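Only one structure is covered here, and it is reproduced in the block below.
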Amino acid sequence: MRNKVKFFIALTALTLVVAGVVAFVVKSRENSRSVEAAELTIDIGASRLYTQEELMEAVDVIKNNFEKIDGGTIVSIVYAGDESVKNGEALFLVDFLENEGGNPSLETGKDYRNFEWRLSHEDDGWTVKDYHLEVMDGTDLI
């Protein structure tokens, strides 16, 4: 009888430890993704063509438009520099993490890099002219 009680106590303790470890691992993964999602890196560098304020306005336009086309989380936005401006359109590169329920053509949980955004700047602000995410075979996903 005593051995059965000890066995039951040991089994209960082991079950609680395993449940605690599983809960810790799941919570760590959630926190890890939350930290990634919360840390947006913006690199607009220096420009002879646009002010810092104008470039930050472009970043805001990208963030607002990105939310409309995809359920992912932007990780970084980079102004590709004055040399990337063609026909009055500035190039921005966006890295993002695809979330569940986002774009059905993208893989959930995957990081996507160099999502290209072309914006033009007029007196009334920035306008998105083109955006696309290209994969290795040259196919546009978005």
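Counting begins at 1 with the first residue of the sequence. Not measured: the values here are computed from a predicted model.
Under a 4.5 Å side-chain heavy-atom cut-off, the cluster of Ile, Leu, Val, Met, Phe, Trp and Tyr residues that includes Leu93 is completed by Leu91.
With sequence neighbours left out, the salt bridge (Lys or Arg N to Asp or Glu O under 4.0 Å) criterion links Asp43 to no other residue. Lys63 pairs by the salt bridge (Lys or Arg N to Asp or Glu O under 4.0 Å) definition with Asp60, not counting sequence neighbours.
Between Ile74 atom CD1 and Leu97 atom CG the span is 11.5 Å, to the nearest 0.5 Å. Put simply, CD on Glu67 and CD1 on Ile62 are 12.5 Å apart, with the number rounded to the nearest 0.5 Å.
Here the closest heavy-atom approach between residue Lys129 and residue Ser120 is recorded as CE-OG, 3.0 Å. In terms of heavy atoms, Trp126 sits closest to Ala90 at CZ3-CB, 4.0 Å. Residues Glu107 and Tyr112 come closest through the heavy atom pair N-OH, 2.8 Å.
Taking the six-membered ring for Trp and thresholds of 30 and 60 degrees, Tyr131 and Phe115 have ring planes more than 60 degrees apart, a perpendicular arrangement. Classified by interplanar angle (parallel below 30°, tilted 30° to 60°, perpendicular above 60°), the ring pair Phe66/Trp117 is tilted.
Residue pairs meeting the side-chain hydrogen bond (donor to acceptor under 3.5 Å, both in side chains) criterion with at least one member in residues 74-95, sequence neighbours excluded: Ser47-Asp82, Ser76-Asp95, Tyr79-Asp82, Asp95-Arg113.
None of Val78, Ile44, Val94 except one satisfies the side-chain contact (heavy atoms from CB on, under 4.5 Å) rule with Val59; the exception is Ile44.
Of the possible donor and acceptor atoms, none in the side chain of Tyr50 sits under 3.5 Å from a partner among the backbone N and O of Met56.
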